[in-house]
Visitor: 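Dumping the structure here so I can ask a few things about it.
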Amino acid sequence: MELFGCFFVAAADGGTSLIALLTIFMLAVFVGFELITKVPPTLHTPLMSGSNAISGIAIVGALLSVVALGGEGEHAGMARWLGFFALVFATINVVGGFLVTHRMLAMFRSKK
Amino acid sequence: MELFGCFFVAAADGGTSLIALLTIFMLAVFVGFELITKVPPTLHTPLMSGSNAISGIAIVGALLSVVALGGEGEHAGMARWLGFFALVFATINVVGGFLVTHRMLAMFRSKK
Amino acid sequence: MNALLILPLAQAASGETTSGSLLSAQGADLLYLIASIFFILGIKGLTHPRTAVRGNAFGAIGMLIAVAATVAGPALSGHAFDFTMIAAGIAIGAVLGALTALKVEMTGMPQLVAVFNGFGGIASALVAGGAFLLAIGTETSLQGDIATAASGLIGALTFTGSIVAFFKLLDLRSLRKIPGAIPGQKVLNGLLLLGALWFGVQLVQDSSQVSTYYAICAIAAVLGITLTTPIGGADMPVVIALLNSYSGLAAAATGFVIDNNVLIVSGSLVGASGVILTAIMCKAMNRSLTNVIFGSLGPSADGPSADDVYGGKVKGASPDEVAMLFDGAQRVVVVPGYGMAVAQAQHTVRDLANLLEARDIEVEFAIHPVAGRMPGHMNVLLAEADIDYDKLKEMDEINPTFETVDVALVIGANDVVNPVARTDPQSPIAGMPVLDVDKARTVVVVKRSLSPGFAGIPNPLFAMDNTYMMFGDGKKALIELIGVLKEE
Amino acid sequence: MNALLILPLAQAASGETTSGSLLSAQGADLLYLIASIFFILGIKGLTHPRTAVRGNAFGAIGMLIAVAATVAGPALSGHAFDFTMIAAGIAIGAVLGALTALKVEMTGMPQLVAVFNGFGGIASALVAGGAFLLAIGTETSLQGDIATAASGLIGALTFTGSIVAFFKLLDLRSLRKIPGAIPGQKVLNGLLLLGALWFGVQLVQDSSQVSTYYAICAIAAVLGITLTTPIGGADMPVVIALLNSYSGLAAAATGFVIDNNVLIVSGSLVGASGVILTAIMCKAMNRSLTNVIFGSLGPSADGPSADDVYGGKVKGASPDEVAMLFDGAQRVVVVPGYGMAVAQAQHTVRDLANLLEARDIEVEFAIHPVAGRMPGHMNVLLAEADIDYDKLKEMDEINPTFETVDVALVIGANDVVNPVARTDPQSPIAGMPVLDVDKARTVVVVKRSLSPGFAGIPNPLFAMDNTYMMFGDGKKALIELIGVLKEE
Ligand SMILES: NC(=O)c1ccc[n+]([C@@H]2O[C@H](COP(=O)([O-])OP(=O)(O)OC[C@H]3O[C@@H](n4cnc5c(N)ncnc54)[C@H](OP(=O)(O)O)[C@@H]3O)[C@@H](O)[C@H]2O)c1
Ligand SMILES: NC(=O)c1ccc[n+]([C@@H]2O[C@H](COP(=O)([O-])OP(=O)(O)OC[C@H]3O[C@@H](n4cnc5c(N)ncnc54)[C@H](OP(=O)(O)O)[C@@H]3O)[C@@H](O)[C@H]2O)c1
């Protein structure tokens, strides 16, 4: 496989699907920038832990990997364990992240 | 073709591609909302004419339609004319829109 | 129909490359992605006056990239087509667009935006129609069929609606009395919409009939007319913003038809922009969108009559008398309104402001969000006259300071300075936020007569003790005033 | 490798439905789209304290929808797999996560965020690795290969980097002296990065070797350690924000591997968030990101020594003396810093504020953007102590008003109130915006000694005429002060 000009080659391999994914990536980055510049400093710590929890979305990938648990191939055993640990780590991140953010945010309140 | 539950049927027909298009649509609407709420009232008229010019993007579709000019089918003649008029209208919109917006914006300047 | 199945269009989206094209399909798609980024950066630029010119240029560059990607991409190459026709189309469009854009007066912006809107809408509908025609005889997807019907409906409605708006704006006064809702208007509109939707369903069920698409467009075109005709001429700006949003949606729908991301992205941006502007205007007028579209805002019979309000209490003042009011004034606030636009008095206003500033008077401009006939209308006119935008103050900023204003000079504004909005909950403009001009030490109002503004109600401001009416055309009256001030 | 070619994973993305799944592949994709919307609304909610709790809930709902879509979707059904293992994985993760989240002290937030970050990163790398293993022997796409390499590199680096950051934060003081850059540090890091990239190229060229992927991860893991170890413990927050961004990018890269939009959308959101927070912190510290990562910020030898600055000029004050300063005071501003977090004094501070308010003194809190060890650190601690967020004032808001402050009570803050930043262009914190506490009528500083803060430089504020040092642990000193005030 040629590596030079790899971006274009990549585009040629993946077809429009890759461009669609890149478009989604680009738009999501814009949405993220616009929204996050509006978060007030007061909420920066919760933002950090909350966005952290969102990055635990890898849990979806971890779940998809577990189908390997029934797989047969040479590497299925290893893939199974990778999937399992991914699941554990991602779940900690998700459950812990949203909970601790909630705990923090519940403390913020205006007494007005 | 069944119409009830048409949204799901639509999804089934178009495959992931439709969902990707919808995702792009959704994200672009978010980007639009976030950005445009930041436009100050001073610039609302140029915003109107500038966004107007952008909606002339149909020019791309119009250009793609002109391939019909060489087409053979029963309706190619009609399609040709539709494409032609689309091209004229879209070009007016694009050229006129960006120009008039530029004219307006060039007037805004702080003398500080 | 599914454009993916039409051979030539399909190549833009699928993986095939036609030998002879400069760009592969993927290269073209990548350029479309870059064009989308430019459009977003363009809108982002419009969030500040300093970056706005660059933002607009970014938008234009995005468009250029998108066009270049299409022309150099595989879809157009390797097919025999009449190149002259393309060149002719672009040339005609470019010349017409450029001429209009360069000739139009700044006061004519609302009309211009209206008509361009319509062109964007019809272009989308025509593209969807062309793709539909070409796909006849092939198998089509539900997604494409729905998008085609939507594009036709929205595009055609936007076109005729915008044209009506254009004519209404051209000559507000004469057209204003004519239309009014015909009896059963709402029922008619409802039937038309149902009819268009019914044909949409037909199209989805059987996408082999050309006539179905024409029917949708024809009905939508009529609907565009019947919907906009009864709306008061002065409500047109709201309608235009809404149609702006529609033209974006039509482009996005066309993007679904031909499977093109750049159409979807830019269409959505425009759609969002129109919706937000509509909401801002409605809020500034304290009316709901339904009320604008379906309600009628006429002179309310039960409100106080003009005689009640003005009878014997209005004081006229000559330019000489007004000139004296500026003696010893320290702070003057100019309130421009629709009348300034009609009189094209913006340059004269600038001259007056310079004259006052030369006398060490602090001059500011109070801009109401719906002064004039477009959001931001006054800003554009004053910017045209080279007035520094730092001197333009928004309503919320300047309202608390009117008590320290020596002379509030109201030029062709009426509704936006009507204190009734604050005081009379029965008034048609009740609750609309207004400029608190009546709190200034003295008020000078320049207009031609006591006739009402857009809302059609009398304005007690004109009858206040500290108000002086300087009757006359905005421009002429100000020129006289400047003459007197210069003589002194 | 291209996950689309692995049968089970592929079904989630292609059109096929496995009989037995609750949802079609398209149904699942639609749910992923809805989950993305929830994530966006979640972040949008965080833009205001009033909507923040709901925003976080939206994020959690989005995650639930995404998990449900995966479980009910076609990918998991119709395949024999060990369900116990999934259940066990989720149960272990949920229990560990919940326990940590519920037990952690608010002062421990930086450490918690660091370690969770690392877990997010490693999960992404493991998922990409699993998909890679399964695809061995099939043909793979360049897109997938590049994304896999990126995911492994970023994920592993994020993991070890975060773990180092975690330990550095656990005990700042003791670890602070240890590491320092080993000679040739930068060369080593450069070589490691080149090595990882080289294996990345290998993976793209031949995606049939498991070892290549392991090599990328191993080298990236070492790089994570060597990159973060030399960075000062107190710079860790910047590093954490950066790693936060990386964990998002790793998730997005994994999205490209398994062709899943929701991973791309949420990964990009997190990536953007981390980048912006990093930029905010760097700006508030007036340092560049390169300076944070590669520069060392030690006590500068050429600056004035502590003796020069303090010699004979520092006045200690007992709680009794400090209590007297509040007699007749009308406006008190509390400036919390890292020391307040260390002393866990936030509740005591709240009690003190209530006491002062009961005496009709106006009490406000001045929050410096990088006070403490995390952006917004002080806000969270004070909110924990139930202090109304309306009383927390940002630097730009409160700085112009310090001249009217009777007593500025500095609790465990040092660098953020060091006037040297304004006055001495040679100082390591020159140009960093600080709270202008020195302009208050009197200043009371609560800390344990004259030892420096994070920047390691002496603070002339402590030697000013109108400054009184109340030496002692933050919490204990305040409790004594409260005791005296209550007796009065
Ligand atoms: N800006 C927007 O986006 C927007 C959108 C929709 C609706 N509107 C509506 O438009 C109205 C705008 O308020 P406004 O105060 O700017 O205008 P207005 O209330 O419509 O009043 C304009 C006044 O200008 C005077 N005028 C007309 N021609 C003139 C000339 N040549 N010289 C001097 N005076 C002249 C008219 O009085 P004479 O005939 O006596 O001269 C009239 O009373 C509001 O009711 C608003 O709700 C605005
Ligand atoms: N917030 C962020 O995001 C962030 C990120 C990166 C870096 N930083 C850096 O961290 C620093 C933050 O400034 P800062 O003023 O908050 O803190 P600081 O400059 O680090 O000073 C903290 C002070 O608290 C005192 N202290 C420690 N334990 C105490 C206790 N138990 N009771 C009372 N006092 C105690 C220490 O003095 P004694 O030992 O004498 O008591 C020390 O001087 C800045 O330099 C900033 O650049 C912040």
Side-chain angles (χ1 to χ4, degrees), chain A residues 10 13-14 18 24-25 28-29 32-33 35-36 38-39 41-45 47-52 54-58 60-70 75 79 82-102 104-105 107-108 110-111, chain D residues 8-9 43-44 46-47 49 52-53 56 60 66 70 75 79-82 86 89-90 92-94 96-98 100-101 113 116 119-120 122-124 126-127 129-130 133-134 141-143 247-248 251 254 258 263-266 268-270 272-273 276 369 374-376 379-380 383-384 388 390:
Chain A
D13 269 12
L18 173 61
I24 290 172
F25 178 68
V29 168
F33 267 92
L35 283 180
I36 283 152
K38 283 190 192 160
V39 175
T42 323
L43 293 176
H44 279 164
T45 296
L47 171 67
M48 243 167 148
S49 64
S51 65
N52 210 330
I54 291 179
S55 80
I57 186 70
V60 165
L63 282 170
L64 288 175
S65 307
V66 294
V67 291
L69 301 187
H75 300 289
L82 293 191
F84 176 74
F85 284 113
L87 195 56
V88 173
F89 282 126
T91 312
I92 296 183
N93 193 347
V94 167
V95 174
F98 283 120
L99 256 184
V100 84
T101 310
H102 181 81
M104 256 189 277
L105 289 174
M107 294 167 182
F108 283 85
S110 167
K111 273 167 225 135
Chain D
L9 285 178
I43 300 266
K44 205 171 157 66
L46 284 176
T47 54
V53 173
N56 187 54
T70 313
H79 293 277
F81 57 80
D82 191 348
I86 299 191
I90 292 196
I92 297 177
L96 287 181
T100 328
V113 171
F116 279 1
F119 289 177
I122 192 72
S124 294
L126 289 172
V127 170
L133 283 173
L134 289 176
S141 80
L142 186 54
Q143 158 195 355
S247 77
T254 309
I258 66 172
L263 264 77
I264 298 182
V265 171
S266 42
S268 323
L269 290 176
V270 178
S273 153
I276 291 176
M374 268 191 114
N379 297 284
V380 172
E384 186 195 8
D388 191 340
D390 291 330

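Hydrogens, waters and symmetry mates play no part in the numbers below; they use all other heavy atoms, side chains included. Chain naming here is simple, since letters A, B, ... match the order of the sequence lines and numbering starts at 1 in each.
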Visitor: Take A/Leu105 and D/Leu46 through the side-chain contact (heavy atoms from CB on, under 4.5 Å) test and state the conclusion after the steps.
Guide: CA-CA 9 Å; A/Leu105 289 174; D/Leu46 284 176; 3.9 Å; yes
Visitor: Could you tell me which non-hydrogen atom of A/Phe98 sits nearest to which non-hydrogen atom of D/Asn56, and how far apart they are?
Guide: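 Of all heavy-atom pairs spanning A/Phe98 and D/Asn56, the closest is O-ND2, 3.0 Å.
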Visitor: Would you mind telling me which of D/Gly248, D/Ser124, D/Ala94 has the largest number of heavy-atom pairs within less than 4.5 Å of chain A?
Guide: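 Ranked by contacts with chain A, first place is D/Ala94.
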Visitor: Picking from A/Leu99, A/Asn93, A/Thr101, which has the most non-hydrogen pairs under 4.5 angstrom with chain D?
Guide: A/Asn93
Visitor: For chain D, which of A/Val29, A/Val94, A/Ile24, A/Leu35 has the most heavy-atom pairs under 4.5 Å?
Guide: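 Greatest number of close heavy-atom pairs with chain D: A/Leu35.
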Visitor: Let's test your reading of the structure: which of A/His102, A/Lys38, A/Met48, A/Met104 forms the most heavy-atom pairs below 4.5 Å with chain D?
Guide: A/Met48
Visitor: Using a cut-off of under 4.5 Å on heavy-atom pairs, state which of D/Val270, D/Thr254, D/Ile43 scores highest against chain A.
Guide: D/Val270
Visitor: For the residue pair A/Ser51 and D/Ser273, what are the closest heavy atoms and their distance?
Guide: OG-OG, 3.5 Å
Visitor: So for D/Pro375, is it side chain, backbone, both, or neither that comes closer than 4.5 Å to the heavy atoms of chain A?
Guide: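 Both the backbone and the side chain of D/Pro375 come within 4.5 Å of chain A.
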Visitor: A/Val60, A/Thr42, A/Asn52, A/Leu82: which one forms the most heavy-atom pairs within less than 4.5 Å of chain D?
Guide: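 The option with the most such pairs is A/Asn52.
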Visitor: Side chain, backbone, both or neither: which part of D/Ile122 has a non-hydrogen atom closer than 4.5 Å to chain A?
Guide: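 For D/Ile122, the side chain is the part near chain A, not the backbone.
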Visitor: Please classify the contact between D/Leu263 and chain A as side chain, backbone, both or neither, with a heavy-atom cut-off of under 4.5 Å.
Guide: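 Both backbone and side chain.
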Visitor: Does A/Thr45 form a side-chain contact (heavy atoms from CB on, under 4.5 Å) with D/Asn379? I'd like the steps, not just the answer.
Guide: CA-CA 8 Å; A/Thr45 296; D/Asn379 297 284; over 6 Å; no
Visitor: So which part of D/Ala272 gets closer than 4.5 Å to some heavy atom of chain A, the side chain, the backbone, both or neither?
Guide: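 Backbone plus side chain of D/Ala272, per the 4.5 Å heavy-atom cut-off to chain A.
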Visitor: Tell me the closest heavy-atom pair linking A/Phe25 and D/Ser268, and the distance in Å.
Guide: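 Closest heavy-atom pair between A/Phe25 and D/Ser268: CD1-OG, 3.3 Å.
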Visitor: Counting heavy-atom pairs closer than 4.5 Å to chain D, which one of A/Val95, A/Ile54, A/Val88 comes out on top?
Guide: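 Answer, by heavy-atom pair count under 4.5 Å with chain D: A/Ile54.
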Visitor: For A/Gly61 and D/Ile258, work out which heavy atoms get closest and say how close.
Guide: CA-CD1, 3.8 Å
Visitor: Name the member of D/Ala123, D/Ala66, D/Ala98 that forms the most heavy-atom pairs with chain A at distances under 4.5 Å.
Guide: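 Winner by heavy-atom pair count: D/Ala123.
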Visitor: Considering only heavy atoms and a distance below 4.5 Å, find which of D/Gly89, D/Gly130, D/Pro49 pairs most often with chain A.
Guide: D/Gly89
Visitor: Taking every heavy-atom pair that is under 4.5 Å apart, which of D/Leu269, D/Leu96, D/Val53, D/Ile92 has the most such pairs with chain A?
Guide: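 The candidate making the most pairs under 4.5 Å is D/Val53.
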Visitor: Just how far is it from atom CG of A/Leu18 to atom CG of D/Leu142, taken to the nearest 0.5 Å?
Guide: 9.0 Å
